[in-house]
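To find a chain, count down the sequence lines: A is the first, B the second, and so on, and within it residues start at 1.
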4 protein chains.
Amino acid sequence: MSNSAMKYHEPSSSDDQEKRRGRPRSETSKKSILNAVNRLLLLTSVKDLSIEAIAKKAGVGKTTIYRWWPNKVAVVLDALLYQLGNTPALPTSATKAEAITNQLERFMRLLKGKNGKILIEVMAEAQANEETLTLFYENFMLQHEETLANLIEDGKENGEFRKEISTALAVDMIYGSIVYRLMSGAETLDQDFTTNLPLEALNILQK
Amino acid sequence: MSNSAMKYHEPSSSDDQEKRRGRPRSETSKKSILNAVNRLLLLTSVKDLSIEAIAKKAGVGKTTIYRWWPNKVAVVLDALLYQLGNTPALPTSATKAEAITNQLERFMRLLKGKNGKILIEVMAEAQANEETLTLFYENFMLQHEETLANLIEDGKENGEFRKEISTALAVDMIYGSIVYRLMSGAETLDQDFTTNLPLEALNILQK
Amino acid sequence: MSNSAMKYHEPSSSDDQEKRRGRPRSETSKKSILNAVNRLLLLTSVKDLSIEAIAKKAGVGKTTIYRWWPNKVAVVLDALLYQLGNTPALPTSATKAEAITNQLERFMRLLKGKNGKILIEVMAEAQANEETLTLFYENFMLQHEETLANLIEDGKENGEFRKEISTALAVDMIYGSIVYRLMSGAETLDQDFTTNLPLEALNILQK
Amino acid sequence: MSNSAMKYHEPSSSDDQEKRRGRPRSETSKKSILNAVNRLLLLTSVKDLSIEAIAKKAGVGKTTIYRWWPNKVAVVLDALLYQLGNTPALPTSATKAEAITNQLERFMRLLKGKNGKILIEVMAEAQANEETLTLFYENFMLQHEETLANLIEDGKENGEFRKEISTALAVDMIYGSIVYRLMSGAETLDQDFTTNLPLEALNILQK
DNA sequence: CTTTAACCGAGACGGTACGTCGTGTCTTAAC
DNA sequence: GTTAAGACACGACGTACCGTCTCGGTTAAAG
């Protein structure tokens, strides 16, 4: 997984061979914008964060932000991915069950503390607009869902898991429980939850 | 379930014996506000809905809205509960498993079409503010969660369900999957989901 | 001169012989309203004074104020007259010139300090509305103007003053200079002004 | 006299050598605001004029008005000066007496009709606030007062006028009578007043 | 000694305007 | 051609008062 999946994150598409005329995009500006967002999110909610505040904090014109991102959610999502950084590939596991456990624990660790809160706020803000929702879903959730779905499918094939279960539904129940828990007001995922979720997840799938 | 649970819905608290002075709250205004919200939500998202638009549509001063509700989410939630109306008590079921199936099907039917969309938008809007989140959770989700949790606990006691499973986690997985599905961009809950969810829910619990 | 000239000050008109049925006007309320206004005017300008603030300060319903006065200016004017109190009749003077000097000094003493400021603010507020302007003029300025005009006319007749001068214009110049001085930002009328005005006033008139 | 005296009228201060960054102030907006005010004042009083109405009429955001003027009075005063336009310098007169007559007749002609009403309303509105009062006084009355005061002083020196008279008081009496007359409800200055005032003014001064 | 009428306080009502904030766009000069 | 700066039209915010209304209650004269 890499955050290079993000549309607005990479200034030039891979096949952009022709030299662009004029002043090139300032990498400094981009970084100071993403950093400004991350610093501001320590103090305010995504809702209360404004493009103007970001521009001011980053010492950047509003135009520069609007040129590269379509709206606030897109910037924040980018900033979140930028801050989370590249996640190393998972070590191979002996069984799919073990792999799933690893995968879920890694995901939940990612959302410990402030990050979980921000993610949920981004997801919430994204609801207002179809396009933004797609943006969020495809740049963040989709890769996690796909990884899990593949592990489940593999487990079904190799006999670890029940074949009758709907993979899509299982994925919804697992990631849904995490999201829902965070959305219900839980400041963070507690110990009880993080230990029990993988166990119950396997309970649905196995035998 | 009754919408009388809503804080702002009932003008006088039950133990309000002392005669209220001054002009009493206008029931007409209250109703026209809630109706205006419901009519407007057919055309716009919760995000794009404004207090000013509600006031205008309802033929009411903005002050009147702010007098009785602290913010937009509270009005919309109230309007949603007002529109859903009182839900009749569930018929008793032979087994807890059957009761849970009924309960879930009823819940999902509630969220068919526009209502599901609105609920999710309300939940999303509520994320920005601790107080509003509590308001939403306690006036809507909590009662559903409690009903389900009680059924699960009863089922554990009478031997229908496994005792090892965490009731709280099961509830999160079940309602979480519904919420998450709607939040991922699904316009509505499809046939596949609505039939499979109760089955899988019981799969986690039973044996 | 008496402030009984004020329309709203006296609860019953002189020829109102028939006893009114129902609860009579509360003198207590009237006084607490006028007192409230005077106390509030020590802290705020007439512009910033609100009917609601008066009602609250006086411990009175807004309705009670609106029942007896048509608007803010009327109440404030009444409160001002109430606070200034009844002015004793002038002692007779040997000459009209002396009488005018007395009259002007008395008028300027009336407007020393806060009162001058308030009067000017009332006059200013009254400009917005024809009716209120008439109210102010007839209940306050007119009596002063008439007194001065009569003295001037008398002086013309007995040979003290020039007959060619326009009485109305002289009155305008004299009272106008006071009002204008206060309106130009002077906190109060200074010693120089108060001593010189009567002298110059007579200069216009005499010979 | 020139309306360039007005603080908010001129976009750049005289010694502003450093090139201004960002989008420059829109002259179009400024003009349409001032024009809107003048058009609206034909229909309503200064009191009833609202910033929102001006913005709407001018096709301009409220912010744009607030960016350049601190309050309603400032805009209206500016609009009044804009409408009155630049007044040509006075032709030289043989005597100071003649010059004063010219000066007063010119001033009174300026206030004929609607303008006098508006001026008085502006002056009235300005009373509520120290700063606004200064704004009005220094941008409008002061120049007239100074011109008259200079003529009087010159006349005293060349022997036309009495040396004993207080220049300041004379100015107050002259301009005060005009203002006071307009404030007392006179729709406009009548023939009688406009012909007599200069005569009596000289009467005070001469011999 | 009850009825009736006008008053009173409290406070909710439909409105209007306030002054502020944020949006996304546009217009400069600088680089 | 991009950038920082910042003005622009617009829309909504939440608040303050306006003047009106609707309650329960009080106070006195009339019946």
Can a donor-acceptor pair under 3.5 Å be found between the side-chain atoms of [X] and the base atoms of [N]?
X: B:Thr63; N: E:dG15; value: yes
X: C:Arg23; N: E:dC8; value: no
X: C:Thr64; N: E:dC7; value: no

Discussion item. Is B:Ser29 close enough to E:dG14 that one of its side-chain N or O atoms is under 4.0 Å from OP1 or OP2 there?
Written reply: yes

Fill in: Phosphate contact (F:dT3 OP1 or OP2) by A:Trp68 side-chain N/O below 4.0 Å
yes

Discussion item. With a 4.5 Å cut-off on side-chain heavy atoms, are C:Trp68 and C:Val75 touching?
Written reply: no

Worksheet item: Would a distance-only check, ignoring hydrogens and angles, find a side-chain to backbone donor-acceptor pair under 3.5 Å from C:Asn35 to C:Lys31?
Response: yes

Worksheet item: Can any side-chain N or O of A:Asn139 pair as donor or acceptor with the backbone N or O of A:Leu135 at less than 3.5 Å?
Response: yes

Discussion item. So if I take every side-chain heavy atom of D:Ser50 and compare against E:dC18, E:dC8, F:dC13, which nucleotide ends up nearest?
Written reply: E:dC18

Worksheet item: From E:dA12, F:dC13, F:dG19, pick the nucleotide closest to the side chain of C:Ile51?
Response: F:dG19

Calculate the interatomic distance between [X] atom [atom1] and [N] atom [atom2]; express it in whole Å.
X: D:Lys47; N: F:dC18; atom1: NZ; atom2: P; result: 10 Å
X: D:Asp48; N: F:dC18; atom1: CG; atom2: C1'; result: 13 Å
X: A:Ile65; N: E:dG24; atom1: CD1; atom2: P; result: 11 Å
X: C:Arg21; N: E:dT3; atom1: CZ; atom2: C1'; result: 8 Å
X: B:Glu27; N: E:dA12; atom1: CD; atom2: C1'; result: 13 Å
X: D:Leu49; N: E:dT16; atom1: CG; atom2: P; result: 16 Å
X: C:Lys62; N: E:dA12; atom1: NZ; atom2: P; result: 11 Å
X: C:Glu125; N: F:dC18; atom1: CD; atom2: C1'; result: 14 Å

Item to complete: Could you pick out which residue, A:Lys72 or C:Arg67, lies toward the 5' side of DNA chain E when each is mapped onto its nearest nucleotide?
Response: C:Arg67

Discussion item. Heavy-atom nearest nucleotide on DNA chain F for B:Pro24 versus D:Glu52: which residue maps closer to 5'?
Written reply: D:Glu52

Worksheet, complete the sentence: On DNA chain F, more 5' by nearest nucleotide between B:Tyr66 and D:Ser26 is D:Ser26

Worksheet item: Hey, are D:Lys62 and D:Glu52 close enough for a salt bridge, meaning a charged N less than 4.0 Å from a carboxylate O?
Response: yes

Worksheet item: Do you know which of D:Val73, D:Val37, D:Val76, D:Ile120 makes side chain to side chain contact (heavy atoms under 4.5 Å, CB included) with D:Val46?
Response: D:Val76

